[in-house]
Structures are given as structure tokens and as C-alpha cells.
**Student:** 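Take this structure first; my questions come after.
Start at 1 and go down the list; that is how both ligands and their atoms are numbered.
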Amino acid sequence: MNRRHYDVVIVGAGPAGLSAARAAAQKQAHARIAVLDDNPRTGGQVWRHGPAYPPAPALNERLDALLRAGNVDVFSSARVVAPLDDRSLLVESAQHGLLELGCERLILATGARERLLPFKGWTLPGVTGAGGLQALIKGGVPVRGERIVIAGSGPLLIASLATARQAGANVLAVIEQAPWTAVARFGVGLFATPSKLWQAARLTHGFAGLRYLTGSVVREAIGDGRVEQVRIRQGRDGHLVLDCARIACGYGLVPNVTVGESLGCAVHRDPAAGSALIVDDAQRTSLAHVFAAGECTGVGGMELASVEGEIAGLQAVDAQREAARLQTQRDRWRRFARRVETAFAPREAARALPSDDTLFCRCEDVTCAQVREHTNWRDAKLQTRCGMGPCQGRICGCAAELYFGWNTAQVRPPFSPARIGTLLEAVRDTTPDAK
Ligand SMILES: Cc1cc2nc3c(=O)[nH]c(=O)nc-3n(C[C@H](O)[C@H](O)[C@H](O)COP(=O)(O)OP(=O)(O)OC[C@H]3O[C@@H](n4cnc5c(N)ncnc54)[C@H](O)[C@@H]3O)c2cc1C
């Protein structure tokens, strides 16, 4: 196995990870730094780019800074599969094969993932997450002229709307589960962050040419072999059916804490907001040499992720004074994050378990009726195989946390399907007798 040692290793090359790398590299020219990300391109979620989507200027700015600094190795298509101990990670890299990355300090910037909640027909081709649709479009999937309904909750619906419209889709409606009073209050609160107000106006165009329905949820995707219609519950008793070719439905984001949790970092559990890594003012986790930044510490958007990353990067190279200067900025974006969380917290209709025959775990074909018979996640897994398919509960585990309040943490490596050879190497490296 290929072994490398760094002063600072950063997992995740989104706004938090790249900002951390830039801050650390610029502050400490002698520090050897590595950033790795499982995506083939750097940028994380918000700066995702593809064939017809050039990299965002903010991404280029950070990558140029890393290149100029000359002390940062960037590993793309490199996934942390398991920790080997608290200072080294087992990594599968498309370019370098199997890697053991050792470090003095570790920064976790593993971001968040979309929360998908089941509804009747959600496994039909044409149903994706709201962020999922964005990723498909940026990856080159054509949607020009397609009738699309975007649904779920939170600002990601707006980002998805803008991407779909830019790609020529005919977005019929945006269906938001939060009530209009909460959305209106949030809108007024945007005056406290004018850049966000301007961004919202630019992305929505005032919702011209489509329906923006609040207090409403998708109840069913209907179609023969592919989505043809969507049934929406509007307010308390209203129903609406729209003809469409795609439904992009996501109920906000939940932090991606798997790597941190498996290392032993303390986690704050919250079924509504998702579990998040606990950090102090220095972005330090409960382990002294491990820092965390961005959405793995709580969902808060790109600006918060960037400033947290910067603080973590500076702290990791012992530049405490410079890091402390960024706290006011971080507090400001944390207040914004709290307003988002309050406005778009899942309400009763979104938290209601769908009908018994709806598939809950789509990897293992387990229905809602089968899951709700159990009292905890472990029981449900053992008795039904729920959460034991290829996604390892990343999707149905989120739903189970929200509906039943279960702890669905997945801390046993490998975190994702890994090559047999990788696991054998890991055993050989950590078990002297196996050599
Ligand atoms: C699908 C999706 C689409 C989004 N689109 C937008 C948008 O258009 N506009 C917007 O303002 N916000 C968007 N967001 C919100 C966005 O997540 C944040 O605002 C911002 O990207 C957070 O930055 P971050 O650095 O914390 O995390 P991210 O940008 O999510 O970066 C984390 C990175 O860590 C990597 N990673 C995680 N685990 C591992 C591992 N084990 N090994 C290697 N790499 C790993 C991930 O692949 C990811 O690239 C989106 C979120 C999601 C989930």
C-alpha cells in the first residue's frame, strides 16, 4: 500500500475544505497539506461543475491559490473508506490506488447530503432529489422542454429551480412544505443579509411563470414505467394533479458525519436537523487533533462553510490570532443558518409516514408497514434488511430518524462499498499476524 504522511489532511474539497486548505497553506508555507474528495472534480456540492457548466470563479480562486502555495496535494476521486487509527485514513484513489494517509492534524469537511423522504411511486424513473436533479443537469443530462415539478423544502429548491430553468426546462411548480407565514418571515429576514436577498431574487425571478405552493407536499408519483403525473396535497385538504416528466423532491440537507463519528468525534443528535459533529469556537471536535468545518457541523450554506473552513485551516497550523478575527463573520452566517432551519423545519405533513404499501427502503424493497412494526433501527435492519443495501441506510436512515426518532448512525467501516483487495490490505496493515 502507498503510504504518505502530511501535517494536515483535509477530507472534502467543497467550500469548507478548499477554504481550509487555502488558509493553512498561505499561513504556513512549510506545512505539507493534502485535500481529498471522492468526486472526480473539486468544488463539493455548491461548486459542482460539468461539461456545460464551467467552474465557479470562487472555486477557481481557491484552486489558483493552492497551486501558487505549492504545498498542497489535491486527490480527486479519492474516498476515505475507513480510519486505520485516529491519525491515518484508508483511502481508495482512482489515480493512486490504495493509499494510507497519515497526518498530524485532520480537518473534516465532509459536507451534507440531501434528505429524501418516501412517497408513493418515488422509485419511478424520473423521480430524483432536488439537488440530485441539479447534479444530473450539471453532469450533462438534457432537460430542455421537460415539464418538471420541484418539491420538498428549503433554499435548495430555489437553486434547483434556477439550474433547471437555465437548462431550458419548463418548471411548472415549486412545492414547499413550510407554511407561507414561515416562508414570508424568512423572506423579510433576508434584509439582514442583502447578498442573500439579491441571490433569492436572481434565482427565482419572483417565481414568474410557475406556481409556488407553500404548506404543500408531494403525495404520489404516477406513471406507467416512468413519471407522468404528480399528486400534491395542497394545504390541509386540497389536492392537485400535474402532468410532468420529472419530480425533483428533497427535504433539505443532513450533515455527513460518518467519517467523524467513526473516528470517535462527539455528535449532536437532532432528528429534525440531522446529527452534526460538535465543534468548539476553534472548529475543534472532541478529539484534540481533529477539526471539522462546513455542513458536517450543521447545515448553513456556502458562506458559513467557507468561513468555518478558513478558521479550521488557520487553527490547524496554530494561527489562533488570525482565526479569532473571523469569528464575527462566522456568527453572522450562523444566525442566517438558524433562520433557515427555523423556517424550513419539517412540519406535520412532511413528517407523516406514507401509506403502508409505500416502499421505505428502496435498495431492499422494504415497505413502510414492515419498518414501523419495529421499535428501533437495529431491529428494523435485522428483521427486514432495511438500510442494508448499497446506500447503507443513507436514504432510509434519514427518513427513519425523522419519522421515528431512531438513532441510525452508521459508524462501522467500510463507509461505502469497497474493493475486497482494499479490505484485505487494511487487515494486513493493521494485524501483524496477518502479514
Ligand atoms: C446535492 C446538493 C446540492 C446542493 N446545491 C447547492 C446549490 O446549488 N447552491 C447552494 O448554495 N448550496 C447548495 N447545496 C448546499 C451545499 O451543500 C453547501 O452550501 C456547501 O456546498 C457546503 O460546503 P461544504 O464544504 O460544507 O460541503 P460540500 O460542498 O458538500 O463538500 C463536501 C465534500 O466532501 C466529500 N466527501 C464526503 N465524504 C467523503 C469521504 N468519505 N471521502 C472523500 N470525500 C468525501 C463530498 O463528496 C463533497 O464533495 C447543495 C447541497 C447538496 C447536498
**Student:** Compute whether any side-chain donor of one residue and acceptor of the other, for R48 and Q45, lie under 3.5 angstrom apart.
**Tutor:**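 The answer is yes; a qualifying pair exists.
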**Student:** Test your reading of the structure: does M302 have an N or O sitting under 3.5 Å from an N or O of ligand 1?
**Tutor:**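 It does: an N or O of M302 is found under 3.5 Å from an N or O of ligand 1.
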**Student:** Looking only at protein heavy atoms, which one is nearest to atom 37 (C) of ligand 1, and how far off is it?
**Tutor:** T110 O, 3.4 Å
**Student:** May I ask whether A109 has any heavy atom positioned less than 4.0 angstrom from an atom of ligand 1?
**Tutor:**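 Yes, A109 has a heavy atom closer than 4.0 Å to ligand 1.
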**Student:** When you check the gap from the basic side-chain N to the acidic O, do D73 and R32 get nearer than 4.0 Å?
**Tutor:**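 Looking at R32 together with D73, the answer is yes, because their closest N to O distance falls below 4.0 Å.
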**Student:** With respect to S153, which candidate in R115, R347, E176 satisfies the side chain to side chain donor-acceptor pair (under 3.5 Å) definition?
**Tutor:** E176
**Student:** Considering K196, Q45, Q134, R41, which one's heavy-atom position lies nearest to atom 28 (P) of ligand 1?
**Tutor:** Q45
**Student:** Identify, by atom number and element, the atoms of ligand 1 in contact range of G294, meaning under 4.0 Å from any of its heavy atoms.
**Tutor:** 26 (O)
**Student:** According to the interplanar angle, ranging from 0 to 90°, do the rings of F186 and F336 count as parallel (below 30°), tilted (30 to 60°) or perpendicular (above 60°)?
**Tutor:** tilted
**Student:** Relative to the heavy atoms of A159, which atoms of ligand 1 are at a distance of less than 4.0 Å?
**Tutor:**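 What qualifies from ligand 1 is 7 (C), 8 (O), 9 (N).
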**Student:** If the threshold is 4.0 Å, N to carboxylate O, is there a salt bridge linking R335 and E341?
**Tutor:**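 No salt bridge links R335 with E341.
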**Student:** For the residue pair Q177 / S216, report whether a side-chain donor-acceptor contact shorter than 3.5 Å exists.
**Tutor:** no
**Student:** Given L253, L18, T258, identify the one with the heavy atom nearest to atom 53 (C) of ligand 1.
**Tutor:**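 Of the listed residues, L253 has the closest heavy atom.
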**Student:** Taking the basic N atoms (NZ, or NE/NH1/NH2) and the acidic carboxylate oxygens, is any pair closer than 4.0 Å for R22 and D64?
**Tutor:** no
**Student:** Does this structure show an ion pair linking R334 with E308, if we count only N-O contacts that are shorter than 4.0 Å?
**Tutor:** yes
**Student:** Atoms of ligand 1 less than 4.0 Å from N39 heavy atoms?
**Tutor:** 47 (O), 49 (O)
**Student:** What atoms of ligand 1 come within less than 4.0 Å of a heavy atom belonging to V259?
**Tutor:**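 Under 4.0 Å from V259, ligand 1 has these atoms: 41 (N).
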**Student:** Report the member of D37, V80, V35 with the shortest heavy-atom distance to atom 41 (N) of ligand 1.
**Tutor:**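 Among D37, V80, V35, the closest heavy atom to atom 41 (N) of ligand 1 belongs to V80.
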**Student:** Hey, which atoms in ligand 1 end up nearer than 4.0 Å to a heavy atom of G14?
**Tutor:**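 Here the atoms of ligand 1 in question are 25 (O), 29 (O), 31 (O).
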**Student:** Side chain or backbone of P15 under 4.0 Å from ligand 1, or both, or neither, by non-hydrogen atoms?
**Tutor:** both
**Student:** For atom 18 (C) of ligand 1, grab the closest protein heavy atom and report residue, atom and distance to one decimal in Å.
**Tutor:** E295 OE1, 3.3 Å
**Student:** Which bit of S160 gets closer than 4.0 Å to ligand 1, counting heavy atoms only: side chain, backbone, both or neither?
**Tutor:** neither
**Student:** Would you say S19 and R62 are linked by a side-chain donor-acceptor pair, where the criterion is simply a distance under 3.5 Å?
**Tutor:**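 Judged by distance alone, the side chains do pair up.
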**Student:** So is A78 close enough to ligand 1, meaning a heavy atom under 4.0 angstrom away?
**Tutor:** yes
**Student:** Compute whether any side-chain donor of one residue and acceptor of the other, for S275 and R269, lie under 3.5 angstrom apart.
**Tutor:** yes
**Student:** For G44, counting its heavy atoms only, list the atoms of ligand 1 lying under 4.0 Å from any of them.
**Tutor:** 29 (O), 31 (O), 49 (O)
**Student:** Which residue owns the protein heavy atom closest to atom 34 (O) of ligand 1, what's the atom, and how far is it?
**Tutor:** G12 CA, 3.2 Å
**Student:** For atom 36 (N) of ligand 1, tell me which residue out of V46, D38, T128 has the closest non-hydrogen atom.
**Tutor:** D38
**Student:** Is there a donor in the side chain of S416 and an acceptor in the side chain of R79, or the other way round, less than 3.5 Å apart?
**Tutor:**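 There is such a pair (donor and acceptor under 3.5 Å, judged by atom type) between the side chains of S416 and R79.
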**Student:** Identify, for atom 27 (O) of ligand 1, the protein heavy atom at the shortest distance, and state residue, atom and that distance.
**Tutor:** G111 CA, 3.2 Å
**Student:** Ignoring hydrogens and angles, state whether a donor on the side chain of S160 or Q134 is under 3.5 Å from an acceptor on the partner side chain.
**Tutor:** no
**Student:** Check ligand 1 against L156 and write out every atom of the ligand that is under 4.0 Å from a heavy-atom position of the residue.
**Tutor:**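 Selected atoms, number and element: 3 (C), 4 (C), 5 (N), 6 (C), 50 (C).
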**Student:** Which of the atoms in ligand 1, numbered in the order shown and given with their element, are less than 4.0 Å from a heavy-atom of A16?
**Tutor:**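 Result: 25 (O), 26 (O).
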**Student:** Quick one: do E310 and R330 make a salt bridge, cutoff under 4.0 Å?
**Tutor:**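 No salt bridge links E310 with R330.
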